[in-house]
2 protein chains.
Amino acid sequence: MPPIPELEEIRRKQIIDATLLTLSHKGYAKATMAEIAAAANMSKGGLAHYFQSKQELFKAAFTEFYRLIFDRVEREADLIDDPLDKLLGFESLFAADDPDVEWGYPLLFDCMSVAGRDPEYRTLFSRWVDNWVVLLSRIIREGMDAGLFSPLEPEPMARTISAIYQGVATRWFLAPEDHSYEWAFHSYQTAIRGLMAPYIIANQP
Amino acid sequence: MPPIPELEEIRRKQIIDATLLTLSHKGYAKATMAEIAAAANMSKGGLAHYFQSKQELFKAAFTEFYRLIFDRVEREADLIDDPLDKLLGFESLFAADDPDVEWGYPLLFDCMSVAGRDPEYRTLFSRWVDNWVVLLSRIIREGMDAGLFSPLEPEPMARTISAIYQGVATRWFLAPEDHSYEWAFHSYQTAIRGLMAPYIIANQP
DNA sequence: CCCTTGACCGACCGAGCGTCCGGTCTATAA
DNA sequence: TTATAGACCGGACGCTCGGTCGGTCAAGGG
């Protein structure tokens, strides 16, 4: 009998946090169960009590990871009023010194790498993308409702925008010597403006 | 004394081909030296005779891989005359049934995943990008020389274009249910047209 | 005909890994 | 107080893999 009924939830969170921490500086391939157990102040056996395999644990960790990211992005989008500015304003994701960013990208690359062969991880990746698409679609609809954008299909446009964001961010992250923050931000903004240009209704004077 | 002096080159090519083949359906993490050796019709010892470590072999293989891709892309670009059409015309890279494409993307994701932590692979990734940038910059310069584009900095634009291409292609490859060929091609073309629009000189009637 | 050289073999080693499992401890129920 | 169940421990097991190393064989030089 568990003394505290929520113990399982607490432990799972504790383990997942430790997994993300370990993953962040070791990577998917080199993170071991022993290391994760140690980071969670637990033994390998205790860890196995809550997650029966490494795969299961990693999938739970990755799911938790993108939940974290979206909480954050959504909060930031809420602070901006103008829909176009919202679309253009993901600068916080180009913050090199932010720990979330620093280990978030490698984690995403790990997921993509595995997804190249494993359908289950492909689903994880799709869900990651879907979150972005939902967020961006909502912003586009806001713009249409406010009479700022002329009618367009929100979802394909949202997918295009997020794909462009990901492409630019990947370069910036993996080859920063050749892709400065300025380049990344300018590239992203120019590309999005170019895409949205046909749909932006000139503001009345 | 080797009976054929070029034997070493032949063997290295043979091994690298086998490595790419093995990598293509096993992935970086799960491809073993024994398997590669078998694919090269050779023993582990023979393999070790030419490549002293797995890392060394993989780096050579990846370098060869992007040489292959660029030979191909360059040849295809040569077939098109109009510079803008060249920029817009990488459709062969959205060919799902092409074996080069089918295993090329996973290989690139593997490289990116390792590059997230390993500076040597980061350099490999940079070189991969640089190849694209050189190719695209040349096309942009052609357009400027031909009076089709007004003056612009070719390199940053080339980097933006290739980043967008990569972002779109990644989605198309990893989440094809949600990102059709039509979506990918339209997204890429629309984005590039939007970027280039300010620099396209209206053709005289 | 022997000796050297280099290509190549494949059994083996040792490290590292995920998983399993017998056991211990603690808290509740009887 | 005793019994029981679940939480957790940590060593052992089995396996895989990269790298090594003594050996074989064929070709050419002396």
Side-chain angles (χ1 to χ4, degrees), chain A residues 1-62 110-111 113-114 117-118 120-121, chain B residues 1-62 110-111 113-114 117-118 120-121:
Chain A
M1 300 282 145
I4 315 162
E6 313 89 357
L7 179 62
E8 180 161 349
E9 265 185 69
I10 293 172
R11 285 281 181 270
R12 287 179 79 95
K13 177 167 171 30
Q14 175 184 350
I15 292 170
I16 286 177
D17 285 351
T19 306
L20 287 177
L21 183 70
T22 308
L23 238 33
S24 71
H25 43 263
K26 290 285 173 160
Y28 181 96
K30 293 196 171 177
T32 70
M33 294 298 264
E35 217 168 351
I36 293 169
N41 273 101
M42 206 177 279
S43 71
K44 290 205 296 175
L47 206 158
H49 188 73
Y50 291 99
F51 293 92
Q52 291 176 4
S53 76
K54 198 184 176 182
Q55 262 224 0
E56 190 189 323
L57 172 57
F58 279 11
K59 267 184 273 185
F62 192 79
D110 283 343
C111 175
S113 163
V114 182
R117 277 114 191 161
D118 182 338
E120 287 199 57
Y121 276 82
Chain B
M1 299 278 150
I4 316 162
E6 314 89 0
L7 180 63
E8 180 161 349
E9 264 185 69
I10 293 173
R11 285 282 181 270
R12 288 179 78 94
K13 178 168 170 28
Q14 175 183 349
I15 292 170
I16 285 176
D17 285 350
T19 306
L20 286 177
L21 182 71
T22 308
L23 238 34
S24 72
H25 42 262
K26 289 285 172 158
Y28 181 95
K30 293 195 171 177
T32 70
M33 295 298 265
E35 217 168 353
I36 293 168
N41 273 100
M42 208 178 275
S43 70
K44 288 208 306 173
L47 207 158
H49 188 74
Y50 291 99
F51 293 93
Q52 291 177 3
S53 77
K54 197 183 177 184
Q55 262 223 359
E56 189 188 325
L57 173 57
F58 279 11
K59 266 184 273 185
F62 193 78
D110 283 343
C111 176
S113 163
V114 181
R117 277 111 189 164
D118 182 336
E120 285 198 58
Y121 277 81

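Note that this is a predicted model, so its numbers are computed, not measured. Quick note: numbers below take in every heavy atom, side chains included, and nothing from hydrogens, waters or symmetry partners. By convention in this document, chain letters (A, B, ...) are assigned in the order of the sequence lines, proteins followed by strands, and residues within each chain are numbered from 1.
Note on B:Y50: a side-chain N or O is less than 4.0 Å away from OP1 or OP2 of C:dC8. The side chain of B:S43 places an N or O atom within less than 4.0 Å of a non-bridging phosphate oxygen (OP1 or OP2) of C:dC9. Between B:H49 and the phosphate of C:dC8, there is no side-chain N or O to OP1/OP2 separation shorter than 4.0 Å.
In this structure, A:M33 atom CE and D:dA12 atom P are separated by 20 Å, rounded to whole Å. Atoms CG (B:L47) and P (C:dC9) sit 10 Å apart, rounded to a whole Å. In this structure, B:K54 places its NZ atom 15 Å from P of D:dT16, rounding to the nearest Å. Whole-Å rounding puts the A:Q55 CD to C:dG18 C1' distance at 12 Å. Rounded to whole angstrom, the span from the NZ atom of A:K26 across to the P atom of C:dG16 amounts to 11 Å. The separation between A:Q14 atom CD and D:dA7 atom P is 14 Å, rounded to whole Å. Per the geometry, CZ belonging to B:F51 stands 12 Å off P belonging to C:dC8, to the nearest Å. For A:Q52 and C:dC21, the CD to P distance is 13 Å, given to the nearest whole Å.
Between the side chain of A:E56 and the backbone N or O of A:F51 there is no donor-acceptor pair closer than 3.5 Å. Side chain of B:H25 to backbone of B:L21: a donor-acceptor contact under 3.5 angstrom is found.
Partner of B:I36 under the side chain to side chain contact (heavy atoms under 4.5 Å, CB included) criterion, chosen from B:L47, B:L23, B:I16, B:L20: B:L47. Paired with B:E35 under the rule salt bridge (charged side-chain N to carboxylate O under 4.0 Å, His left out), one option of B:K54, B:K26, B:K30 passes, and it is B:K26.
Considering only side-chain atoms of A:M42, the nucleotide from D:dG18, C:dC17, D:dC9 that sits closest is D:dC9.
Counting any heavy atom pair closer than 4.0 Å across all strands shown, A:A31 reaches sugar-phosphate atoms only and no base atom.
Along DNA chain C, the nucleotide nearest to B:G45 and the one nearest to A:S53 differ in position, and the one closer to the 5' end is contacted by B:G45.
Pairing each heavy atom of B:Y28 with each of A:R117, the nearest pair is N-NH1, 4.4 Å.
Scanning atom types as modelled, one donor and one acceptor separated by under 3.5 angstrom connect the side chain of B:K44 and the base of D:dG18.
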